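Order of listing sets the numbers, starting from 1, for every ligand and every atom in it. Every heavy atom of this structure was used, including side-chain atoms; hydrogens, water molecules and symmetry mates were not. Every value quoted in this text rests on a predicted model; they were computed, and no experiment measured them.
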Amino acid sequence: MKDYSEWSKDELVGRLRRIEAAAETRCTGSLEGSGGMLVEQAERLGAIVENAVEGIITIDDHGVIESINPAAEKIFQVRGEEVIGRNVKVLMPNPYCDQHDDYIARYLETGEAQVIGIGREVLGRRSDGTTFPMDLAVSEMFIEGRRCFAGFIRDKTEHERIDLRLKIKDATTRTLAESSTVEDAASGLLKTICETLGWVRGELWHRHGNDSGIRHVETWAVSDAMKSELALSEAGARFRYGEGLPGRVWESGAAIWIPDVTIDSTFIRKEGAKRNGIHTALAFPIRVRSETLAAMVFFSQEVRPQDTELLEFLENLGSQIGQFIERKQMETNLARVNRALAEKNRELETVVYVASHDLRSPLVNIQGFSKELNQACHDLRQAVDAREGETVSKDLLKPSLEDDIPEALSYIQAGVDKIDSLLSGFLRFSRLGQAALQIEPLEMTTLLGNLAKTVEYQLKEAGVRLELGPVPDCLGDETQIKQVFSNLLDNALKYLDPSRQGVIRISGYEEEGRAVYCVEDNGVGISPAHQEKIFQIFHRLNPTGVSGEGLGLTMTQRMLERQDGKIWVESEPGVGSRFFVSLPKGEAVPS
Ligand code: ADP
């Protein structure tokens, strides 16, 4: 025979009914000789109820608990003597609790059942106030003519736990597959986790490059008020290593659970939490190999005891998100390398084109004047040969010796010099790509002020006014950034309009995490058709007017590109030019 503990709910109900019917028959029939049998049946019934895996609670028709078996005691975390005699509502959370009296009354009046004889999934309430999902089936019974109900309960907590985990995992995989960055996926992930777990607010915190903090990136919340309020008002959008919940997750590399943030000494945003009725917080790291890149933080308005299994699950989820980030980073790096390679190819093509074009003209000159030199030598030889044995007069040789030959030689020399200067330009340009960079925060007001001093003499000579406005600090290589602004300042001076007083202005502002600088002049300006070309190697607009190689802006652009910088120009011929330089913002420590 089967152990009672293995019996299903239906078997138990059937068995109870049969015993009940048998007892009734025997009571109304011959009682003689059946007393021993009844005792045995009652004992058997008691053993079934005691050993059942399912919780069994019986109540009277007012909802008062008459009996509770050990399984139900375990499920509700109560002892029988605490609840027997009390209304069954103590084991129910709202809304079931408030509706229960009405429900029994309606059933008794109309026979309209929602659970009795049907069974469905409802929420139960443990003695500590926490709720859990359960399957409840209620049977109606008549014992000695008295109506009572037996509730059969199966705890679905574990079932629901697995279900929730699967839901979160599936949704995470789907959201990540549809996103190109973790920031893209963030809002979807926060929403999924919050909604599935029934938490009210989720935040993503991210570490950025060399930055020393962990910064708030994204929030999802059940309501607009919940999204804005608790937010960042008290602590700002950034925590240091080990500080606040995101900073502690970063430090420990592990998930953290705070059952009640309003009484937790480590939780910084207490006031906001209190204002919003928030109690429990949990946070877990998003790790790439052993490094914590980001943290996700969630808040609940209930006081929830630590769920170690959930923490472990979320830690694993964090690793899954970490792998996604790593893959995306690799893809982004690959795309960046490809773009850089394509850019280099284009640059190389330009260089080859310019080299063949610019080197060609001095070569053509050298070729032409070599022929002339040859001709002059030939004429000279003929003149000498024709007068063999005679004295050759100086006048005869003069045109070749004093004009043709020196002229040809001087052009050849100029061509050679030109080729030399072009080749040394190429060399300098190509070496630029190899120079080691030391990127650091730069205090730009001092740097530009010192630069202005180095051109003070030229400014005075040309009667030019230089205005240096307030400028933000940036991140860059000091030597190369000096070179960049020195080139721009030189050009502003070189290409001034002699017909009016020269004014050069240097100013700056911050925009979306970048420092932008502007070197402005009221010089000759550049026509729109040439504004892009001036950055090409050796490109000059007025090659004969002012000295130069056409290399300064190409070098400037290359130097900036290597340190995540950009340069562009706005200009109007006859009015002046504005050269803009954008670099990553950096906070320099004042010396
Ligand atoms: P270089 O000054 O040696 O010619 P650059 O590469 O610095 O070489 O500049 C390329 C060309 O861009 C210059 O020859 C000039 O025609 C034009 N240019 C540069 N800066 C200015 C400026 N501030 N105003 C007008 N034209 C300019």
Side-chain angles (χ1 to χ4, degrees), residues 346-347 350-351 353-355 357-359 361-362 414 417-433 448 451-452 454-455 458-459 461-469 480-508 516-562 565-582:
R346 260 199 309 281
E347 199 176 279
T350 316
V351 168
Y353 170 79
V354 173
H357 180 267
D358 285 30
L359 286 174
S361 65
D417 286 348
K418 177 76 184 162
I419 289 175
D420 182 47
S421 120
L422 287 174
L423 288 179
S424 78
F426 277 132
L427 208 59
R428 265 188 292 146
F429 179 67
S430 79
R431 279 192 188 141
L432 207 56
L448 293 172
L451 212 58
T454 63
V455 287
Q458 290 101 303
L459 290 170
E461 279 283 284
V464 176
R465 197 170 78 235
L466 175 68
E467 295 169 7
L468 178 55
Q480 294 209 348
I481 294 300
K482 270 188 195 157
Q483 181 78 57
V484 163
F485 285 97
S486 166
N487 284 352
L488 294 180
L489 208 52
D490 278 352
N491 280 353
L493 262 167
K494 273 200 302 191
Y495 302 107
L496 281 172
D497 187 337
S499 66
R500 56 178 174 259
Q501 201 221 329
V503 181
I504 301 173
R505 257 183 226 108
I506 304 180
S507 55
V516 183
Y517 305 90
C518 175
V519 179
E520 177 179 4
D521 63 59
N522 63 343
V524 294
I526 304 158
S527 70
H530 285 100
Q531 285 173 15
E532 263 190 40
K533 290 192 183 144
I534 54 172
F535 295 101
Q536 283 177 8
I537 195 163
F538 303 133
H539 190 90
R540 308 199 69 218
L541 304 190
N542 40 2
T544 47
V546 193
S547 69
E549 296 169 291
L551 198 58
L553 287 177
T554 318
M555 301 268 278
T556 298
Q557 191 181 45
R558 166 63 83 89
M559 284 188 274
L560 286 169
E561 271 171 4
R562 289 192 67 218
K566 269 188 247 148
I567 181 165
W568 67 98
V569 66
E570 288 174 5
S571 183
E572 202 180 321
V575 178
S577 308
R578 287 194 292 179
F579 281 85
F580 292 89
V581 167
S582 153

Original post:
V484 pairs by side-chain contact (heavy atoms from CB on, under 4.5 Å) with which of Q557, M559, M555?
Top reply: M559
Quick one: table the atom pairs, ligand 1 N or O against protein N or O, below 3.5 Å, distance rounded to 0.1 Å.
| residue | atom | partner | partner atom | Å |
| --- | --- | --- | --- | --- |
| ligand 1 | 2 (O) | N491 | OD1 | 3.3 |
| ligand 1 | 2 (O) | K494 | NZ | 2.9 |
| ligand 1 | 2 (O) | Y495 | OH | 2.7 |
| ligand 1 | 3 (O) | E549 | N | 3.0 |
| ligand 1 | 3 (O) | G550 | N | 3.0 |
| ligand 1 | 4 (O) | Y495 | OH | 3.1 |
| ligand 1 | 4 (O) | R540 | NE | 2.4 |
| ligand 1 | 4 (O) | R540 | NH2 | 3.2 |
| ligand 1 | 4 (O) | G550 | N | 3.4 |
| ligand 1 | 6 (O) | G552 | N | 3.3 |
| ligand 1 | 6 (O) | L553 | N | 2.8 |
| ligand 1 | 7 (O) | N491 | OD1 | 3.4 |
| ligand 1 | 7 (O) | N491 | ND2 | 2.8 |
| ligand 1 | 7 (O) | L553 | N | 3.4 |
| ligand 1 | 8 (O) | G550 | N | 3.4 |
| ligand 1 | 14 (O) | Y495 | OH | 3.2 |
| ligand 1 | 16 (O) | L541 | N | 3.2 |
| ligand 1 | 20 (N) | N491 | ND2 | 3.4 |
| ligand 1 | 23 (N) | D521 | OD2 | 2.9 |

Original post:
So with a 6.0 Å cut-off around CD of Q501, is the heavy-atom count from everything else above 12?
Top reply: yes
Original post:
Does anything in residues 518-529 pair up under side-chain hydrogen bond (donor to acceptor under 3.5 Å, both in side chains), and if so which pairs, sequence neighbours excluded?
Top reply: S527-H530
Original post:
Is any NZ, NE, NH1 or NH2 atom of the basic residue among E549 and R428 found under 4.0 Å from an Asp or Glu carboxylate oxygen of the other?
Top reply: yes
Original post:
With sequence neighbours excluded, what pairs up with F579 under the ring pair (Phe, Tyr, Trp, His ring centres under 6.0 Å) test?
Top reply: none
**OP:** Kindly write out the residues that satisfy salt bridge (charged side-chain N to carboxylate O under 4.0 Å, His left out) with E467, not counting sequence neighbours, or none if the list is empty.
**Re:** R465, R505
